[in-house]
Amino acid sequence: MSKPLIGVSAYLESSASWGVWNLPAALLPSGYHLLIQRAGGLAAMLPPDEDPAAAAAVVSRLDGLVISGGPDVEPVRYGAEVEPRTGPPARERDAWELALIEAALASGTPLLGICRGHQLLNVSLGGTLVQHLDGHVGPPGVFDHHEVKPVPGTLLAGILPEPVSVPTFHHQSVAHLGKGLTPSAHATDDGTVEAVELPDAAAFVLGVQWHPEAGDDVRVMRALVTAASG
């Protein structure tokens with residue numbers, strides 16, 4: 001049986017360095033493709049397209065989709081004013097990744113949102129975000145770890161049946177849930193929503209606030225790959 005093709009949305013940076021070069025670049029931390037490969041899938045990078053309408057054509061060629069982590073979602077996307085500690089917008093990524101999510105939900109393509117992707121899934125369904133919270137981030141460029149507790153009876157609890165320590169780096173989180181979403185994990189320390197899922201969807205739809213690609217636990221990604229294989 002052929003391995004499922006999993007697309008991963010990419011960062012879009014105005015300047016990146018390698019060798020003698022410093023150029024604009026679409027990029028991804030290697031943890032994403034390595035985790036997909038370890039979980040039994042093939043990885044494809046999906047940089048923003050100037051025409052978000054291309055998202056449906058892209059998703060139609062995939063077996064599964066990952067919306068990756070990255071910068072803050074622009075608050076206008078959920079009807080809020082920018083607060084002082086919210087980061088600069090990444091409008092190309094917002095438009096592209098929201099279009100990818102919409103296409104995946106419409107086509108029944110298995111979908112996993114990671115950190116920013118988890119938040120965008122919520123926003124795409126009409127939810128809102130907390131623009132700043134403390135205690136979920138390590139020093140710059142270093143992942144923190146904290147425990148999350150799955151909600152019994154959820155899709156996530158079937159993947160992670162017990163509380164688990166996860167790698168984390170975020171200062172925003174889900175506030176009001178988007179239409180149809182249900183919380184499927186909370187931070188043990190402060191109750192922050194750490195995972196959401198869409199139980200009435202035609203396919204696997206899950207968002208996690210942490211970064212599975214930064215750790216050794218392959219179970220969440222393997223669940224996506226398994227769903228994409230079906």
Side-chain angles (χ1 to χ4, degrees), residues 4-16 24-39 41-74 76-78 87-125 127 129 167-170 172-174 178 181 195-198 201 203-214 220-221 223-225 227-228:
L5 180 63
I6 309 297
V8 190
S9 65
Y11 290 64
L12 189 63
E13 299 297 327
S14 60
S15 177
L27 55 85
L28 273 173
S30 61
Y32 286 98
H33 78 261
L34 291 173
L35 189 65
I36 290 169
Q37 291 165 356
R38 288 173 55 208
L42 302 172
M45 190 169 76
L46 308 177
D49 194 295
E50 291 181 356
D51 179 12
V58 169
V59 170
S60 71
R61 290 162 168 80
L62 301 174
D63 299 304
L65 174 66
V66 175
I67 303 298
S68 64
D72 295 344
V73 180
E74 189 172 15
V76 70
R77 293 288 181 176
Y78 48 95
R91 295 188 177 104
E92 296 93 343
R93 280 196 66 183
D94 285 354
W96 177 238
E97 291 174 339
L98 285 167
L100 288 173
I101 291 169
E102 180 181 357
L105 294 177
S107 63
T109 302
L111 169 64
L112 173 63
I114 291 176
C115 197
R116 165 188 163 87
H118 157 86
Q119 295 166 7
L120 268 176
L121 172 61
N122 189 57
V123 169
S124 76
L125 292 169
L129 303 179
T168 181
F169 193 97
H170 66 99
Q172 299 195 330
S173 66
V174 166
L181 287 172
V196 295
E197 57 191 61
L198 196 58
F204 180 105
V205 178
L206 176 66
V208 296
Q209 183 60 78
W210 65 91
H211 283 268
E213 84 286 354
V220 168
M221 190 64 74
L224 173 71
V225 170

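In this chain, residues are counted from 1 in sequence order. Note that these values count all heavy atoms, side chains included, but never hydrogens, waters or copies made by symmetry.
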Checklist line | Student check: side-chain heavy atoms of D94 and V123 closer than 4.5 Å | finding: no
Next item on the list: Output the distance between atom OG (S124) and atom CG (L181), rounded to the nearest 0.5 Å.
Entry: 7.5 Å
Checklist line | Y78 (side chain) donor-acceptor with L120 (main chain) under 3.5 angstrom | finding: no
Checklist line | From L129 atom CG to H170 atom NE2, the distance as rounded to the nearest 0.5 Å | finding: 11.5 Å
Notebook entry, point to check: Tell me, do L206 and L224 make a side-chain contact under 4.5 Å, heavy atoms counted?
Noted result: no
Notebook entry, point to check: Is a side-chain N or O of D72 found less than 3.5 angstrom from the main chain of Q172, in a donor-acceptor match?
Noted result: no
Checklist line | Atom pair CD1 (I114) and CG (L35), whose distance is rounded to the nearest 0.5 Å | finding: 7.0 Å
Checklist line | Pairwise distance CE(M45) to OH(Y11) - rounded to 0.5 angstrom | finding: 12.5 Å
Margin query: Checking D49 against V58 for the side-chain contact (heavy atoms from CB on, under 4.5 Å) test, could you report, in this order, the C-alpha distance in whole Å, the side-chain angles of both residues, the deciding distance, and whether it holds?
Written below: CA-CA 10 Å; D49 194 295; V58 169; 5.9 Å; no
Next item on the list: Run through V205, L121, T109 and flag the one making a side-chain contact (heavy atoms from CB on, under 4.5 Å) with I101.
Entry: L121
Notebook entry, point to check: Can you find a pair of side-chain heavy atoms, one from V174 and one from H118, that are under 4.5 Å apart?
Noted result: yes
Note to self: Please find the pair of heavy atoms, one from F204 and one from A227, that lie closest to each other, and give the distance.
What the structure shows: CB-CB, 3.6 Å
Check: How far apart are the closest heavy atoms of L46 and W96, and which atoms are they?
Finding: O-NE1, 3.3 Å
Notebook entry, point to check: Do other residues, nucleotides or ligands put more than 12 heavy atoms under 6.0 Å from E102 CD?
Noted result: no
Next item on the list: Look at the side chain of N122 and the backbone N and O of G178, then say whether any donor-acceptor pair between them is shorter than 3.5 Å.
Entry: yes
Notebook entry, point to check: Heavy atoms, side chains only, cut-off 4.5 Å: are E97 and S9 in contact?
Noted result: yes
Notebook entry, point to check: Do I6 and L112 have side-chain heavy atoms sitting under 4.5 Å apart?
Noted result: no
Note to self: How long is the straight-line distance from CD of Q209 back to CD of Q119, given to the nearest 0.5 Å?
What the structure shows: 4.5 Å
Next item on the list: Starting at CG of L12, measure out to CZ of R93 and round the result to the nearest 0.5 Å.
Entry: 8.5 Å
Check: Does some side-chain heavy atom of I36 sit less than 4.5 Å from a side-chain heavy atom of M221?
Finding: yes
Check: For R38, what residues pass the salt bridge (charged side-chain N to carboxylate O under 4.0 Å, His left out) criterion, not counting sequence neighbours?
Finding: none
Notebook entry, point to check: Can you check whether A10's main-chain N or O pairs, donor with acceptor, with S68's side chain at less than 3.5 Å?
Noted result: no
Check: Under a 4.5 Å cut-off applied to non-hydrogen side-chain atoms, are R61 and L5 in contact?
Finding: no
